[in-house]
Visitor: 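Pasting a structure here, questions to come.
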Amino acid sequence: MKNQTRKELQDSKETLEGEISAHKQKIVDYKNDPFKHDNDGRLKNAPSKEIQEKIKAGRVTALEKQIAKQEGELAKVIERIKEVEKGAK
């Protein structure tokens, strides 16, 4: 990230913002209809409602962790953009 141009940093920022937005929407969609988003059949084939609930909670937690990681990366990119802009003045 240190050697990236301002344009590359801006592209990274936009990409991360898009990924964060997409993951937030995935959480909403999944919570609204988890079976529709059960691509690998885990929920459908779960042996009980209790297991289904654990699977659902695990999926939401995984997405929330991805969002947190991406938000951390986004903060770093934004900080680096500020540094580059400050150095350009």
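All values derive from a computational prediction rather than experimental measurement.
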Visitor: So does Lys49 pair up with Glu53, basic N to acidic O under 4.0 Å?
Guide: no
Visitor: With rounding to the nearest 0.5 angstrom, report the CG to NZ distance, Leu63 to Lys31.
Guide: 10.0 Å
Visitor: Are Arg6 and Gln10 packed together at the side-chain level, in the sense that at least one heavy-atom pair is separated by less than 4.5 angstrom?
Guide: yes
Visitor: Taking all heavy atoms of Ile27 and all of Ile67, pick out the closest pair and write down the distance.
Guide: CD1-CD1, 3.6 Å
Visitor: For a quick test of reading the model, state the closest non-hydrogen atom pair linking Phe35 to Lys44 and the distance between them.
Guide: CE2-N, 4.0 Å
Visitor: Drop me the distance from Glu79's CD to Leu9's CG, to the nearest 0.5 angstrom.
Guide: 11.5 Å
Visitor: Which of these, His23, Glu17, Lys24, sits in a side-chain contact (heavy atoms from CB on, under 4.5 Å) with Ile20?
Guide: Lys24
Visitor: Quick check for you: to the nearest 0.5 Å, what is the distance between Ser21 atom OG and Lys26 atom NZ?
Guide: 11.5 Å
Visitor: Which atoms form the tightest heavy-atom contact between Lys13 and Ile81, and what is the distance?
Guide: CD-CD1, 3.8 Å
Visitor: Would you mind checking if Asp11 and Lys7 are paired as a salt bridge, meaning a charged N to carboxylate O distance below 4.0 Å?
Guide: yes
Visitor: Should Glu19 and Lys69 count as an ion pair when the cut-off is N to O under 4.0 Å?
Guide: no
Visitor: With a 4.0 Å cut-off on N to O distance, would you call Glu83 and Arg80 a salt bridge?
Guide: yes
Visitor: Within the structure provided, determine whether Asn45 and Leu43 are in side-chain contact (heavy-atom separation under 4.5 Å).
Guide: no
Visitor: How many angstroms lie between NZ in Lys86 and NZ in Lys82, if you round to the nearest 0.5 Å?
Guide: 10.5 Å
Visitor: Are side-chain heavy atoms of Arg42 and Asp38 found at a separation under 4.5 Å?
Guide: yes
Visitor: With heavy-atom distances below 4.5 Å as the criterion, would you say the side chains of Ser12 and Gln4 are in contact?
Guide: yes
Visitor: What closest approach, in Å, do His37 and Tyr30 show between heavy atoms, and which atom pair accounts for it?
Guide: CB-CD1, 3.8 Å
Visitor: With a 4.0 Å cut-off on N to O distance, would you call Glu73 and Lys76 a salt bridge?
Guide: yes
